[in-house]
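Let me begin by presenting the structure, written as structure tokens, before commenting on it.
All values below were derived from every heavy atom in this structure, side-chain atoms included, with hydrogens, water molecules and symmetry-related copies excluded.
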Amino acid sequence: MSGFLAGLLVAVLPLLAAGFWLGRRTARPANLAGLGTPVEHATFETLHTASLATPPLRAGLTEETARKSARKLRSLLGTDALCLTDREQVLVWDGVGAHHRTEIMERLTGPLDTGRGEAFPLTCDTPDCAVRWAVVAPLTVDDRVHGALVACAPRESAVLVRAAGEVARWVSVQLELADLDQSRTRLIEAELRALRAQISPHFIFNSLAVIASFVRTDPERARELLLEFADFTRYSFRRHGDFTTLADELHAIDHYLALVRARFGDRLSVTLQIAPEVLPVALPFLCLQPLVENAVKHGLEGKADKCHIQITAQDAGAEALVVIEDDGAGMDPGLLRRILAREVSPTGGIGLSNVDDRLRQVYGDDHGLVIETAAGAGMKITVRLPKYQPGVHLAGRLTPR
């Protein structure tokens, strides 16, 4: 899909540039000295204008995104007026002749139903109205018509019909990419809910069983563990925001490890080395705890030996470097690759692949998990967390990349 979209953009942009140049050559002569031929100049200006219109459109088709992109789209076409609509209303009108809004929507029934463009004369009682002709180009995503781009001009123009169609195709590509971004974000959110649900069947049962074992023999210990359990589950199932601080995540890990130590006793030892300056760094919620749970699982469960887990968080300039290492059973690297690629389902849930996906979603593909392991050699997981990342806010939500 991504290769098709890239190829479509490559094919469309030269046509947009030619249409832009033909529309502007007589209307607004430009001084092109030193900037190459007129067509080259138009290409550069088209690319620049298109790049300015892209960010709003990548958030979908709404009144706000239409308003932010309409002026740039009208500049691409060099037309007197342009409007963007959804299936119900005009989202934005840029340029002259806004009194044609109602007429435009009445004429959109056919194009919105069929997905085919149309050109028609406008009826107007205003003598000095600058727009007399409209070109409708549907906006489609996955063969569904979401709205229309309508360009208005003083007279009929075959060039405008072709250019409006190409601009609409380019807008449709951006909307399709926005739809893919939103689908990926919904998937990540669904997996976060699944990760929360994963905590309950196995960890909750084991924790309550441990707490129950202390009720008669050591009531005070049972009370302490119950408070640890309450604090951990409260954090795990919280609903405010997609991000937390490293300090809060480590605090939740401390509650989790207290419950694990109560279950395994002196078979588990944990060393923490945390640089205070990285504690305020924001990171995706429930990002590190599953990695520690993985270390416990592969380090303790199914074996009688002791296990040591080391958690370090260091200041690395523009990033915080978090390393979680255990000396447990490790894993075959080939199997690990298949788990991260979701080719096979890991035993015990979606922890590693979920965290890897969310880190890549937030920070980019170069910030996925770095895992060093081999059968019988333990596992070392490294997480690089940028200290400052656009879209990462403790009280807000992630804006899709």
Side-chain angles (χ1 to χ4, degrees), residues 195-196 198-236 246-275 279 286-314 321-332 335-336 339 346-352 354-355 369-383:
L195 187 61
R196 285 170 167 149
Q198 177 190 336
I199 294 170
S200 57
H202 128 129
F203 174 73
I204 290 179
F205 174 81
N206 289 333
S207 298
L208 292 178
V210 169
I211 294 170
S213 70
F214 284 103
V215 168
R216 290 187 178 182
T217 59
D218 192 344
E220 185 60 28
R221 176 69 168 148
R223 177 182 177 279
E224 292 173 357
L225 291 175
L226 192 59
L227 292 176
E228 299 279 8
F229 177 77
D231 287 341
F232 175 73
T233 53
R234 184 182 300 113
Y235 174 81
S236 300
L246 182 57
D248 285 345
E249 187 82 356
L250 290 172
H251 195 52
I253 289 172
D254 188 54
H255 293 312
Y256 167 78
L257 288 174
L259 294 164
V260 172
R261 288 191 192 96
R263 179 185 174 193
F264 291 103
D266 60 3
R267 288 181 54 203
L268 173 67
S269 62
V270 181
T271 302
L272 287 90
Q273 296 179 338
I274 311 298
L279 291 176
L286 272 185
C287 181
L288 300 182
Q289 187 276 334
L291 306 183
V292 175
E293 185 172 354
N294 179 78
V296 170
K297 175 180 176 58
H298 291 280
L300 279 174
E301 295 184 0
K303 57 178 287 188
D305 298 337
K306 294 183 178 181
C307 173
H308 178 72
I309 297 175
Q310 181 166 320
I311 304 172
T312 62
Q314 302 174 342
L321 196 66
V322 180
V323 178
I324 299 169
E325 186 171 5
D326 68 77
D327 58 0
M331 183 182 295
D332 175 67
L335 174 60
L336 176 62
I339 289 175
T347 303
I350 58 174
L352 287 181
N354 176 279
V355 172
L369 295 178
V370 177
I371 304 178
E372 302 170 54
T373 189
M379 183 175 291
K380 178 180 179 181
I381 303 177
T382 302
V383 182

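Side-chain contact between Val270 and Val292 is absent, with no heavy atoms from C-beta onward closer than 4.5 Å. Residues Glu372 and Glu325 have side chains not in contact (no heavy-atom distance under 4.5 Å, counting atoms from C-beta outward). For the pair Thr382 and Leu369, the minimum side-chain heavy-atom distance is 4.5 Å or more. Residues Val355 and Val383 are not in side-chain contact: their nearest non-hydrogen atoms beyond the backbone lie 4.5 Å or more apart. When side chains are defined from C-beta on, Leu225 does not count as touching Phe229, because their heavy atoms never get closer than 4.5 Å. Side-chain contact between Asp327 and Cys307 is present, with at least one heavy-atom pair separated by less than 4.5 Å.
For the atom pair Arg223 CZ and Ile211 CD1, the distance stands at 12.5 Å (nearest 0.5 Å). We find the CD1-OG1 distance between Ile311 and Thr271 to be 9.0 Å, quoted to the nearest 0.5 Å. Here Lys380 contributes atom NZ and Thr373 contributes atom OG1; the two are 12.0 Å apart, rounded to the nearest 0.5 Å. Atom CE of Met379 sits about 6.0 Å away from atom CD1 of Ile371, to the nearest 0.5 Å. One distance of note links OG1 of Thr312 with CD1 of Ile324; it measures 8.5 Å at 0.5 Å rounding. The structure places CD1 of Ile253 at 10.0 Å from CD1 of Ile309, a figure rounded to the nearest 0.5 Å.
Taking Asn294 as the reference, His298 meet the side-chain hydrogen bond (donor to acceptor under 3.5 Å, both in side chains) condition, with sequence neighbours excluded. In this view, His251 and His255 satisfy the side-chain hydrogen bond (donor to acceptor under 3.5 Å, both in side chains) rule, not counting sequence neighbours.
Pairing each heavy atom of Gln314 with each of Ala275, the nearest pair is CA-CB, 4.3 Å.
The closest donor-acceptor contact from the side chain of Gln289 to the backbone of Glu249 lies at 3.5 Å or more, if one exists at all.
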